[in-house]
Amino acid sequence: MTPGIRTYHEVDELRSDLPDQIAAQEECVRARLASVGRVIGVMSGKGGVGKSLISALLATALVRRGDRVGLIDADLNGPSAARLLGVEPGSLVEGPAGLEPPVSPAGVRLMSMALLLEPDRALDWREPVDAGFVWRGAQERGALREFLSDVAWGRLDVLLVDLPPGTQRLAQLHGLVPDLAGAVAITIPSAASRDSVARSLDLARARGLRLLGVVENMSGVHCDACGALSPLHAGGAGEDLARRFETPLLARIPFDRRLGAAADTGRLDAWWAEAGPAAVTLAEVADVLRAIPAGENT
Ligand code: ADP
């Protein structure tokens, strides 16, 4: 355990002076994000759709365009951004202004639970037996708040937040960052993924959150021999969601074996160097994110 870092059992979110405590915490988040241009949430409805991979690729694409970029891996139970970006566990140190986010070889500043846990250890929640659900929600919100406010992000053009699946996650982030620049939704083509993303987007829309667009991942697979694209999943979730929520379909990314291998070994740079069509598309998505007006923070 890095000295000076509290464990998440010690986050006392549920004390009796809760309103004052929350106001003070929100002020800490606001102060820390004063030097951050825009905060963008990346969300999905279900796990395994490639949200973390697309988040890491977008973060890298933004750095390649010259931006200073931070990435919060808010998936506490299955963090994967450190591996994707080739950041070693244990590389988190405490500096005078807070926790210093390690910088990936590609230049992305990262905060992830994986940096706090020993390798192969699961996050162990100590929760009251009969109030586990409420307790865990508070703990997760507390951890996300600490990732926003206790990390010395410095000046950033963009801070991407890779949110765990679930309808409440985007709302939780919005609660902590009221001038959130918006959210990008990741789906695979299937109806199951479409429906679970739609539930989260309904909630986001009800909160007045800006939807920046949809990325459809695993949209088919190219034939090794002839290059033709054939479907991998039935359905057209990307187009369906874009139409229903009147938001752009930003990209359709095929399943790409070389991308999967590069992701597993933390060598996304090798994939970028090939500059295939999906890399070009993701760089264009990064340009869309760069064109979003900065929040009121700046
Ligand atoms: P999520 O964050 O939605 O749970 P991940 O980003 O962890 O999903 O992706 C799940 C797995 O699928 C990972 O091993 C990832 O490398 C792989 N993967 C995701 N998208 C693609 C793709 N377009 N081509 C190849 N592999 C992919």
Side-chain angles (χ1 to χ4, degrees), residues 40-61 71-87 104 106 108 110-114 122-123 140 144 147 160-167 169-170 173 183-190 192-201 214-224 227 229-233 235-238 241 249-272 274-286:
I40 295 173
V42 184
M43 48 80 60
S44 66
K46 294 173 81 66
V49 301
K51 172 185 52 61
S52 296
L53 177 56
I54 303 283
S55 300
L57 289 171
L58 287 176
T60 314
L71 174 64
I72 291 180
D73 176 359
D75 192 337
L76 305 182
N77 295 299
S80 57
R83 175 191 290 268
L84 289 167
L85 291 172
V87 173
S104 79
V108 178
L110 175 70
M111 183 60 199
S112 166
M113 187 53 89
L123 183 61
E140 284 177 347
L144 178 57
F147 284 2
L160 293 179
V161 185
D162 172 7
L163 293 162
T167 45
R169 306 299 181 210
L170 194 55
L173 176 65
V184 176
I186 315 296
T187 186
I188 57 171
S190 75
S193 173
R194 178 197 61 205
D195 293 349
S196 56
V197 171
R199 280 192 284 278
S200 301
L201 291 185
V214 178
V215 172
E216 188 184 85
N217 189 29
M218 307 201 203
S219 304
V221 58
H222 287 287
C223 165
D224 286 339
L229 188 70
S230 48
L232 198 57
H233 301 268
L241 288 165
L249 176 57
L250 297 169
R252 300 180 77 221
I253 309 292
F255 178 83
D256 173 347
R257 238 173 261 115
R258 276 173 308 188
L259 174 57
D264 264 0
T265 51
R267 293 298 316 273
L268 294 179
D269 52 335
W271 182 80
W272 278 112
E274 286 174 17
V280 173
T281 308
L282 279 163
E284 286 166 5
V285 177

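One is the number of the first residue; the rest follow in order along the sequence. Treat the numbers as computed from the prediction; the structure is a model and nothing was measured. First listed ligand is number 1; within each ligand, the first listed atom is number 1.
- For the pair Glu216 (side chain) and Gly238 (backbone), a donor-acceptor distance under 3.5 Å is present.
- Each side chain to side chain donor-acceptor pair (under 3.5 Å) pair with one or both residues in residues 261-271, not counting sequence neighbours, appears once here: Asp256-Trp271, Arg267-Asp269.
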Using a 3.5 Å cut-off on N/O to N/O, what pairs does ligand 1 make with the protein? A line per pair would be great.
residue  : atom   : partner : partner atom : Å
ligand 1 : 2 (O)  : Ser52   : N            : 2.9
ligand 1 : 2 (O)  : Ser52   : OG           : 2.9
ligand 1 : 3 (O)  : Gly48   : N            : 3.3
ligand 1 : 3 (O)  : Val49   : N            : 3.0
ligand 1 : 3 (O)  : Gly50   : N            : 3.0
ligand 1 : 3 (O)  : Lys51   : N            : 2.9
ligand 1 : 4 (O)  : Gly48   : N            : 2.7
ligand 1 : 6 (O)  : Ser52   : N            : 3.2
ligand 1 : 6 (O)  : Leu53   : N            : 2.9
ligand 1 : 8 (O)  : Gly50   : N            : 3.0
ligand 1 : 20 (N) : Asn217  : ND2          : 2.8
ligand 1 : 23 (N) : Asn217  : OD1          : 3.0
ligand 1 : 23 (N) : Pro254  : O            : 3.0
ligand 1 : 24 (N) : Asp256  : N            : 2.9
ligand 1 : 24 (N) : Asp256  : O            : 3.4

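- Remark: the backbone N or O of Thr187 is not paired with any side-chain donor or acceptor of Ser193 at under 3.5 angstrom.
- Residue Pro79 is tested with Leu84, Asp162, Asp73, Leu110 for a side chain to side chain contact (heavy atoms under 4.5 Å, CB included); the sole match is Asp73.
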Working note: Leu229 + Phe255, criterion side chain to side chain contact (heavy atoms under 4.5 Å, CB included); need CA distance, chi angles, decisive distance, verdict.
CA-CA 10 Å; Leu229 188 70; Phe255 178 83; over 6 Å; no

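- For the residue pair Met43 and Ala183, the shortest heavy atom distance occurs at CG-CB, 4.4 Å.
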